[in-house]
Protein chains: 2
Amino acid sequence: MTTRKDAGKTPERPWKAAMKETKIRNMEEFAAVSGISRPTISKYFNDPASVRASTRERIERALETYDYRPNIFAMNQNRKLTKNVGVVVPYLADPFFAEIARNLENRCITAGYRPTLFSAHGEPALEVEILDTLRSMKPAGVLLAPLGRASDVGAVEKFCADVPTVLFDSSLPDLGLAFVGSDNPQFARLAVEYLCRTGEPPCFFEMKTPANPNANRRRQGYLAAMESLGHEPFVFKAEGSGWDFEDIGYREGLRALSENRFPTRTVLCSNDRLAIGFLVACYELGLRVGHALGCDIRVAGQDDHPFARFTCPPLTTVAQDYESVSRAAADILFRSIEDGPVDRQTLLFEGKLVMRDSA
Amino acid sequence: MTTRKDAGKTPERPWKAAMKETKIRNMEEFAAVSGISRPTISKYFNDPASVRASTRERIERALETYDYRPNIFAMNQNRKLTKNVGVVVPYLADPFFAEIARNLENRCITAGYRPTLFSAHGEPALEVEILDTLRSMKPAGVLLAPLGRASDVGAVEKFCADVPTVLFDSSLPDLGLAFVGSDNPQFARLAVEYLCRTGEPPCFFEMKTPANPNANRRRQGYLAAMESLGHEPFVFKAEGSGWDFEDIGYREGLRALSENRFPTRTVLCSNDRLAIGFLVACYELGLRVGHALGCDIRVAGQDDHPFARFTCPPLTTVAQDYESVSRAAADILFRSIEDGPVDRQTLLFEGKLVMRDSA
DNA sequence: ATCTCAATTTTACGCGCGTTAACTTTTGTT
DNA sequence: AACAAAAGTTAACGCGCGTAAAATTGAGAT
């Protein structure tokens with residue numbers, strides 16, 4: 001490690017010393033220097049169009065001189081309806097959630113709301129903590145992807161009773177204004193049908209104790225699809241828990257393959273992250289993955305994870321409709337905030353087959 | 001898409017209706033029901049040990065009955081020193097930043113602070129917006145990984161003058177309490193030395209217009225190392241901008257390889273995300289990557305990105321010392337908050353070579 | 001110049017809590 | 001039992017702003 005003491009000593013409380021004398025500390029002071037009353041300034045910040053054009057100009061001229069910004073938290077403290085929207089995901093280090101969170105944040109901003117992002121980091125206690133913080137924030141609404149199986153359902157239920165909440169990705173029965181997610185059985189069915197049409201029927205590779213109910217629905221979709229096509233299903237349940245799906249896919253894939261557990265040479269993984277790890281296991285064992293001539297095994301995933309394009313070979317998968325899910329979740333929430341509550345509904349979006357080279 | 005209207009109509013403002021009559025609305029009410037004065041309750045929440053054991057018990061018993069929690073934002077409104085810490089990263093959909101953000105959040109929590117996470121989503125305007133929001137939050141300190149080249153340096157400078165800020169990952173000259181990052185020239189040197197020791201000297205694959213100064217330092221490290229080893233350096237500059245590094249690595253890798261631009265069959269990528277895309281290009285062109293006999297090309301990256309383990313073949317890279325960087329950044333900030341300002345310093349951590357199969 | 005309506009200003013209170021000062025009550029010591 | 005220290009209570013103000021009501025000012029129409 002390299003340590004360098006930079007030139008010059010940090011002055012005593014530099015962030016205070018640098019404060020210009022003209023610095024505006026609050027709306028009162030800004031009202032004084034701009035020669036306008038505080039309530040009118042307040043009106044301006046809540047809607048610039050609500051003040052006379054000449055007043056607006058005066059305010060904006062003062063704004064350039066003194067660059068004042070109202071304290072957002074003091075604003076919300078007293079407002080009947082804030083513009084705050086909470087976005088909560090179970091695990092932000094998973095690029096899938098990072099991507100959907102980014103999407104949701106952008107939608108909030110576009111719709112004139114102020115998103116605040118939270119990740120439970122896979123920990124139920126932290127999820128509860130987040131919900132408590134959110135209460136303090138007096139949010140107009142919340143977009144919540146719960147941890148799933150590990151969630152404190154009681155806490156979420158109480159929260160949904162207090163704050164307009166739309167659940168997404170992972171469902172908790174009958175909670176919130178709505179649930180928006182994917183039609184998971186359809187995902188598996190789509191994959192099974194494609195794989196059977198183009199080769200051997202697939203085995204199913206999943207975690208023994210999945211984090212959320214989506215995995216169970218996918219398994220059921222797989223079983224149903226196999227049955228209806230008249231094939232014998234086979235499910236391999238990978239040991240391990242937590243959020244290191246790739247590692248589990250790799251380790252257990254290695255085990256399953258070297259123990260020769262799969263009756264066919266086609267494997268449908270419960271999700272892309274497992275598949276990414278599984279592909280490494282295949283690589284390590286010298287198995288050529290793909291549907292081309294001379295390949296040893298076909299591997300498919302589900303989700304269209306942001307990195308699924310960049311595996312070797314690129315992963316064939318069933319794409320979640322990120323756009324539609326996030327758009328629907330946001331729209332329902334905003335509509336409910338603006339026009340009052342709506343009937344609780346469940347929206348499930350179908351996946352689309354993305355054919356790449358792995359299967 | 002499947003829409004289902006769930007059984008039962010959502011009741012009028014259900015989150016209001018469900019409110020129990022005993023619901024505590026603020027500290028005043030809680031003080032009333034617990035039979036203790038509000039200032040004492042306030043003391044309790046700021047430090048449970050600061051009240052007599054018997055009163056603490058009474059408070060905690062009341063707490064169980066009425067489950068009240070003080071409003072965190074109202075608390076901070078008036079406190080001289082809050083426990084808020086802002087964590088700002090340039091792009092959260094990049095698992096590297098997601099991972100380091102998770103690490104930093106945990107450290108804050110452990111140290112008794114309340115982290116709030118922000119992502120600029122690659123947009124300079126949003127970065128400025130975030131800094132303004134942070135001011136409102138009256139944070140005790142901020143851990144900031146700036147966008148880099150695209151950052152509004154003036155805005156960051158003003159912010160650092162107002163709020164104790166530790167920069168990490170990407171440096172802006174002389175700003176903040178400290179900068180904590182990686183010794184980027186050393187990264188490249190380490191990689192070059194290893195690659196030269198075990199085979200042909202490497203070419204360098206980087207973006208033409210990198211997002212931050214780290215890339216430049218890595219290039220310089222590459223050039224210096226090649227020179228000192230007596231080899232002719234070669235740098236390929238990939239076209240493209242934005243944060244889709246994998247895609248750029250793939251497209252430009254494809255171009256560079258098919259145009260036969262590399263004088264040697266060893267490629268050191270400026271970062272792992274480029275390398276991940278580059279590996280796909282290799283795969284598509286049928287090139288066998290690795291150092292084993294019969295391989296066509298060696299590929300190495302830099303960063304030890306969370307997914308570098310799961311490429312095919314697993315990516316040889318120079319690992320950033322995530323732990324040390326985040327620990328140092330957090331420690332410096334906390335120390336500065338608790339013990340007053342320290343000399344500005346620059347801490348650069350060395351990378352460690354991670355040998356996998358790709359090179 | 002008069003009237004009218006809209007915009008603005010004054011004044012005042014509230015949000016939920018931190019914090020201080022002056023008292024009053026509890027401790028536990030001798 | 002007397003008394004000092006510790007802890008708790010009351011009262012009051014402040015944070016930075018929203019918001020409401022009443023009084024005042026301004027602009028456009030007659």
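Protein chains get the first letters and strands the later ones, always in sequence-line order, with residue 1 at the start of each.
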Note to self: Would you call the rings of Tyr68(A) and Phe45(A) parallel, tilted or perpendicular, taking 30° and 60° as the class edges?
What the structure shows: perpendicular
Next item on the list: Provide, to the nearest angstrom, the distance between the CG atom belonging to Leu81(B) and the C1' atom belonging to dT19(C).
Entry: 15 Å
Check: To the nearest Å, how far apart are Ile24(B) CD1 and dG16(C) P?
Finding: 13 Å
Next item on the list: Check whether any side-chain nitrogen or oxygen of Thr40(B) sits under 4.0 Å from OP1 or OP2 of dG8(D), and answer yes or no.
Entry: no
Next item on the list: Find out whether Gln77(B) and Gln77(A) are in side-chain contact, i.e. whether some heavy atom of one side chain is under 4.5 Å from a heavy atom of the other.
Entry: yes
Check: OP1 or OP2 of dG8(D) sitting under 4.0 Å from any side-chain N/O of Thr55(B)?
Finding: yes
Note to self: Nearest to the side chain of Ala74(A), heavy atoms from C-beta on, is which of dG18(C), dA7(D), dC17(D)?
What the structure shows: dC17(D)
Note to self: Which nucleotide wins on minimum distance to the side chain of Arg52(B), given the candidates dT27(C), dC15(D), dG26(D)?
What the structure shows: dT27(C)
Next item on the list: Identify, with sequence neighbours excluded, every residue that meets side-chain hydrogen bond (donor to acceptor under 3.5 Å, both in side chains) alongside Thr133(B).
Entry: Arg114(A)
Notebook entry, point to check: Under the 3.5 angstrom rule, does the side chain of Arg102(B) hit a backbone N or O of His121(A) as a donor-acceptor pair?
Noted result: no
Note to self: What is the distance, to the nearest angstrom, from the CZ atom on Phe73(A) to the P atom on dG16(C)?
What the structure shows: 17 Å
Next item on the list: Starting from Watson-Crick (N1-N3 plus N6-O4 or O6-N4) and G-U wobble pairs under 3.5 Å, report the runs of at least three that DNA chain D belongs to.
Entry: C:1-30 with D:1-30
Notebook entry, point to check: Taking the six-membered ring for Trp, is the centroid-to-centroid distance between Tyr66(A) and Phe30(A) below 6.0 Å?
Noted result: no
Next item on the list: Send over the distance from Asn26(A) CG to dG18(D) P, rounded to a whole Å.
Entry: 12 Å
Check: Which residues satisfy the salt bridge (charged side-chain N to carboxylate O under 4.0 Å, His left out) test with Glu157(B), sequence neighbours excluded?
Finding: none
Notebook entry, point to check: Taking only residues two or more places apart in sequence or in another chain, which ones pass salt bridge (charged side-chain N to carboxylate O under 4.0 Å, His left out) with Glu29(B)?
Noted result: none
Note to self: Rounded to the nearest 0.5 Å, what separates atom CZ in Phe97(A) from atom CG in Leu104(A)?
What the structure shows: 11.0 Å
Margin query: Can you identify which nucleotide, out of dA7(C), dT20(C), dG18(D), has its nearest atom closest to the Arg79(A) side chain?
Written below: dG18(D)
Notebook entry, point to check: Is Arg38(A) side chain donor-acceptor paired with the dG18(D) base, going by distance under 3.5 Å alone?
Noted result: yes
Note to self: Quick check on dC17(C): is either OP1 or OP2 less than 4.0 Å from any side-chain nitrogen or oxygen of Tyr68(B)?
What the structure shows: yes
Note to self: Measuring from the side chain of Ile36(A) (C-beta onward, heavy atoms only), which nucleotide among dG18(C), dC17(D), dT9(C) has the closest atom?
What the structure shows: dT9(C)
Next item on the list: Could you check how far CD of Glu29(A) sits from C1' of dC17(D), rounded to whole Å?
Entry: 14 Å
Margin query: Using whole Å, what does the distance between atom C1' of nucleotide dG16(C) and atom CE of Met27(B) come to?
Written below: 8 Å
Notebook entry, point to check: Once you round to the nearest 0.5 Å, how far does CD1 of Ile332(A) lie from CZ of Phe179(A)?
Noted result: 11.0 Å
Notebook entry, point to check: Can Arg107(A) and Asn103(A) be counted as having a side-chain donor-acceptor contact under 3.5 angstrom?
Noted result: yes
Next item on the list: Without swapping roles, check the side chain of Thr82(A) against the backbone of Lys138(A) for a donor-acceptor pair under 3.5 Å.
Entry: yes
Next item on the list: Kindly say whether Asp132(B) contributes a backbone atom to a donor-acceptor pair with the side chain of Arg69(A) at under 3.5 angstrom?
Entry: no
Note to self: At a heavy-atom distance below 4.0 Å, what parts of residues 135-142 of chain B sit against DNA chain D?
What the structure shows: Lys138(B)
Check: Does any residue of residues 42-51 of chain A have a heavy atom under 4.0 Å from DNA chain D, and if so, which ones, in number order?
Finding: Ser42(A), Asn46(A)
Next item on the list: Would you kindly give the CD-to-P distance between Glu57(B) and dA7(D), to the nearest whole Å?
Entry: 16 Å
Checklist line | Atom-to-atom span, CG of Asn76(A) to P of dG16(C) - whole angstrom | finding: 13 Å
